Amino acid sequence: MTGPLVPFREFVLKVHSRCDLACDHCYVYEHADQSWRTRPRTISDEVIFRTAQRLAEHASAHALPSVSVILHGGEPLLAGPARLRRVCEALTSAFEGVAELDLRIHTNGTQLSPRYLDLFDEFGVRVGISLDGDRAANDRHRRYADGRSSHPLVLKAVELLRQERYRHLNLGLLCTVDIRNDPHAVLDALVELEPPLIDFLLPHATWDQPPLRPDGSPTAYADWLLAVFDRWEERGRPAPVRMFSSVFSTLSGGPSLTESLGLAPTDLVVVETDGRLEQVDSLKSAYEGAAATGFDVFDHTFDEVAAHPGIRARQLGLAGVGETCRRCPVVRSCGGGLYTHRYDPTGPDGAFDNPSVYCADLEALVRGIEARTAESLVAPAVTDPAELAAAQQDLTRTLLARLNADIGRRGGEEWATAWELAAAVEESEEGARCLDEVLALPYTRSWLLHALELVHEHRGAARVARRFPAYLASAVVRAGLDLPVRVTFSDGRLFLPGLGEARVGAVGECGTALVRGTGDGFVVRREGAGADVVRLGVATPAWRPLRRSEAPGPVPASVPGPLPGLVLDDLDPFRDCFPRPAAPALDDRAAAGLAARIDEAWAVIGSKAPGRVREMTGFLTTLTPLTGLGPTECSVGRHGQGALGIPVDGGPEELASGLLRGFRRAELRALRDVTDLYAADGSWDHRMPWQEEPVPFSRLLSDTYERIALGAFGSRWLEGVPEALDTLEGAAELTIHGKRLLDLMRKEI
């Protein structure tokens with residue numbers, strides 16, 4: 001087994017090994033492993049205290065911020081209040097000053113009373129209750145040994161948890177699926193109890209002991225769960241359902257939210273009443289001893305258990321599933337199903353190296369949920385350029401807020417003053433609009449990322465604080481606000497982002513200056529010196545504005561309406577965020593030559609791909625010359641939406657193809673900044689029709705995305721694109737956002 005050891009963050013502590021019910025679907029008492037017969041009924045003081053020590057030791061060794069301990073059985077409440085108090089006291093004491101302790105208990109509810117709940121309230125123990133639906137559904141399995149119904153007592157327990165004084169302890173309801181029950185009636189009964197969460201569990205089964213399928217349907221469980229899903233949607237999603245939330249998450253590129261689905265590594269271990277350490281309890285459905293590790297809390301650490309081959313097999317993610325599952329497009333969502341459900345003693349690749357016995361159900365469930373919800377789950381940024389820009393702005397604002405939170409006292413009075421000034425700028429509508437404009441500048445993002453790195457590395461907080469006022473000054477000048485901003489300058493130059501550079505001192509000189517807006521420019525005053533008045537659009541020896549184009553060169557009449565201009569930014573100190581170095585500031589002659597080539601390049605694009613011109617100019621705002629680029633290359637770096645690094649040399653035809661390719665690369669990067677188009681990149685290799693070596697999904701997507709646009713420069717660029725799109729569509733990495741993008745790509749060609 002390869003890969004780093006994954007520490008345990010969740011522990012199941014068996015406090016009682018017997019139960020007051022005789023549920024015929026229970027994996028502890030009714031399935032293959034009968035080791036419960038040899039366990040002590042109740043956990044001893046010795047096991048309690050040794051377990052608490054081992055848990056705290058493990059949390060400390062791995063610097064875990066929090067650990068979850070689930071009190072379990074059998075029926076854990078049979079341990080009694082006194083024994084449960086000893087457990088809670090020992091765990092709470094051991095974790096004091098080590099990590100946050102999340103205590104939970106899973107119970108059938110029949111013994112629950114205010115006496116227990118007052119104890120749980122004292123120690124913050126949250127309570128999950130097993131209930132399979134209405135009385136008919138629950139009594140199908142959850143009965144006493146003499147056949148009596150447990151339903152009335154379970155409802156009484158749930159009602160207790162719904163009382164105001166105990167509501168904060170309510171974890172929700174666990175429901176084991178039985179496809180003979182009415183799915184609508186089951187959901188309605190659970191929802192009526194207003195649980196904070198509903199957890200549907202597939203009954204434990206293996207290829208050796210397959211699940212009940214009365215009509216022989218391979219998707220009977222998916223059909224049942226989708227009927228529940230439809231009812232849940234119809235009722236307005238009245239309570240979270242963990243299984244559905246997990247599928248939503250993985251479809252969008254996020255993690256799984258339950259052990260029974262997804263590829264997240266297991267981080268759970270079980271402590272039995274005698275102190276023996278075992279793997280997840282559900283393995284007891286497979287065969288006698290399947291969950292055993294040979295370890296116990298007296299002689300072994302949890303790190304030793306984490307290195308056990310059985311545990312490691314469930315920590316390998318994608319590498320831990322069989323080849324059939326690896327090739328399946330929904331494997332990120334289903335994860336091959338619960339490890340136990342893969343057991344087949346006759347399997348050709350090993351007992352657990354098989355698809356789940358619920359394989360067809362899981363695929364149908366994921367595809368069914370996706371088909372029902374794709375429209376509502378897809379991020380608007382994928383289809384709407386305005387939404388993409390808004391999402392990018394939200395990201396920049398979030399980074400700024402994080403910087404403010406992280407810099408704390410390390411930024412000192414200088415940062416606090418600047419932050420108060422930002423609030424003052426935003427008090428006026430025009431000030432707020434102009435600050436948004438400054439934050440939308442692509443190299444503002446570069447500064448923020450650099451600043452966060454400095455702060456997280458505990459260096460340069462003062463430097464970060466000194467830089468922020470330059471952005472505020474730029475907003476003040478844009479808004480024409482008579483609001484003084486003290487800005488730091490260096491080497492005699494003061495740069496206002498998105499506007500230009502003022503000469504305020506001699507070469508090598510550093511200091512501060514006050515900047516105030518005037519409407520058409522600004523006044524800058526150095527300490528101990530006179531004031532200079534600057535008009536934004538007028539170049540002087542003391543002021544060099546950023547060069548701008550009013551429109552992207554001549555384009556065909558078929559392109560409607562005025563087009564926005566572009567900034568040629570060769571001054572911003574944070575423009576050096578590309579893989580290639582930024583070129584030095586251009587002199588007037590070099591800048592004029594480059595601007596002329598840009599105009600000619602736009603004319604080429606306008607003649608060959610007129611539909612792209614408005615699309616590109618609606619996205620690109622800033623071009624920055626770089627050194628070391630080939631004439632057909634354009635570059636994307638660590639910046640916000642709108643920037644593109646361009647070559648200093650080359651002809652207009654070469655620059656046109658570079659601009660088009662670079663635009664597509666920048667657009668895809670901007671989308672990836674704010675949404676997950678794919679997940680688990682690099683887990684699979686894919687063949688590109690135009691080269692032999694296999695590549696990760698991200699490379700295949702980006703190359704295909706660029707080639708579709710370059711088709712305007714010759715049909716050779718589109719050769720192999722349909723095959724590439726088919727490969728992308730069948731890939732497991734693709735999320736629902738990526739699938740929508742793929743639909744748009746197909747329409748483009």
Side-chain angles (χ1 to χ4, degrees), residues 2-3 253 263 316-332 336 349 353 578-580 608-609 612 626 628-637 644-647 650-651 653-672 676-735 737-749:
T2 59
L263 294 168
L316 297 177
L318 184 65
V321 301
E323 187 59 28
T324 300
C325 292
R326 280 182 59 86
R327 294 196 305 267
C328 178
V330 304
V331 68
R332 282 191 310 99
D349 300 317
D353 199 12
F578 295 90
R580 300 283 189 176
K608 295 192 173 186
R612 296 284 179 197
L626 307 179
L629 286 181
T632 61
E633 290 183 87
C634 285
S635 183
V636 178
L644 198 60
I646 62 173
E653 186 91 16
E654 294 167 319
L655 182 56
S657 65
L659 284 171
L660 188 51
R661 170 175 273 174
F663 152 67
R664 293 286 275 192
R665 191 172 302 159
E667 188 180 40
L668 196 59
R669 171 72 68 86
L671 272 172
R672 284 170 43 213
D676 290 314
L677 301 174
Y678 50 83
D681 187 42
S683 299
W684 294 264
D685 286 330
H686 304 279
R687 194 186 70 81
M688 293 199 294
W690 42 86
Q691 76 170 45
E692 288 299 321
E693 295 82 11
V695 296
F697 183 92
S698 56
R699 172 73 184 280
L700 178 59
L701 176 63
S702 61
D703 273 28
T704 306
Y705 196 66
E706 290 171 27
R707 280 175 168 263
I708 289 173
L710 288 170
F713 285 80
S715 59
R716 67 184 179 87
W717 289 105
L718 295 178
E719 292 175 5
V721 166
E723 293 85 351
L725 290 172
D726 289 342
T727 301
L728 290 167
E729 188 169 24
E733 297 98 321
L734 204 61
T735 67
H737 315 299
K739 289 181 181 180
R740 176 56 61 86
L741 180 65
L742 206 63
D743 291 342
L744 297 175
M745 291 164 67
R746 287 193 184 278
K747 290 176 182 177
E748 283 187 291
I749 64 168

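Here the structure is a predicted model, which is why all the values come from computation and not from measurement.
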Point to revise | Cationic N near anionic O, under 4.0 Å, Arg707 to Asp703 | key: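 Result for this pair is no, no salt bridge flagged.
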Review point. Looking at Asp726 and Arg746, does any basic side-chain N land under 4.0 Å from a carboxylate oxygen?
Key: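 The answer is yes: the pair qualifies as a salt bridge.
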**Study point:** With sequence neighbours excluded, residues passing salt bridge (charged side-chain N to carboxylate O under 4.0 Å, His left out) with Arg327
**Key:**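 Listed in chain order: Glu323.
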Practice item. Return the set of residues passing salt bridge (charged side-chain N to carboxylate O under 4.0 Å, His left out) with Asp676 (not counting sequence neighbours), or none when no residue passes. Key: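 Result, salt bridge (charged side-chain N to carboxylate O under 4.0 Å, His left out) vs Asp676: none returned.
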Partners meeting side-chain contact (heavy atoms from CB on, under 4.5 Å) with [X] (sequence neighbours left out):
X	answer
Arg740	Glu375, Val378, Val382, Thr383, Asp743
Ala666	Phe619, Val636, Leu644
Ala724	Pro689, Trp690, Leu700, Thr704
Ala656	Ala601, Val604, Ile605, Phe713

Return the minimal non-hydrogen interatomic distance between [X] and [Y], and the atom names on each side.
X	Y	answer
Pro329	Gly730	CG-O, 3.7 Å
Leu655	Cys634	CD1-SG, 4.5 Å
Pro696	His686	C-CD2, 4.2 Å
Ala680	Arg332	CB-CD, 4.0 Å
Glu633	Leu629	OE2-C, 3.6 Å
Arg580	Leu626	O-CD2, 4.1 Å

Sequence neighbours excluded, which residues qualify as side chain to side chain donor-acceptor pair (under 3.5 Å) partners of [X]?
X	value
Ser698	Asp681
Asp685	none
Arg664	Glu748
Glu723	none

Heavy-atom side-chain contact between [X] and [Y] under 4.5 Å:
X	Y	result
Glu729	Met745	no
Trp684	Val331	yes
Ile646	Leu659	yes
Leu741	Tyr705	yes

Check your understanding: Does Glu654 use its side chain to pair, donor to acceptor, with the backbone of Gly651 at less than 3.5 Å?
Key ->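 At least one qualifying donor-acceptor pair exists.
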Atom pair [atom1]/[atom2] of [X] and [Y] - distance to nearest 0.5 Å:
X	Y	atom1	atom2	result
Arg661	Ser702	CZ	OG	10.0 Å
Leu701	Thr727	CG	OG1	12.0 Å
Leu660	Glu706	CG	CD	9.0 Å

Check your understanding: Taking only residues two or more places apart in sequence or in another chain, which ones pass ring pair (Phe, Tyr, Trp, His ring centres under 6.0 Å) with Tyr678?
Key ->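 Here the qualifying residues are Phe697.
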Point to revise | Identified side chain to side chain contact (heavy atoms under 4.5 Å, CB included) counterpart of Leu677 within the set Leu742, Leu668, Leu734 | key: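 Of the listed residues Leu742, Leu668, Leu734, the side chain to side chain contact (heavy atoms under 4.5 Å, CB included) partner of Leu677 is Leu668.
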Practice item. Could you note down all residue pairs passing salt bridge (charged side-chain N to carboxylate O under 4.0 Å, His left out) where residues 686-696 supplies at least one of them, sequence neighbours left out? Key: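 Non-adjacent pairs meeting salt bridge (charged side-chain N to carboxylate O under 4.0 Å, His left out): zero.
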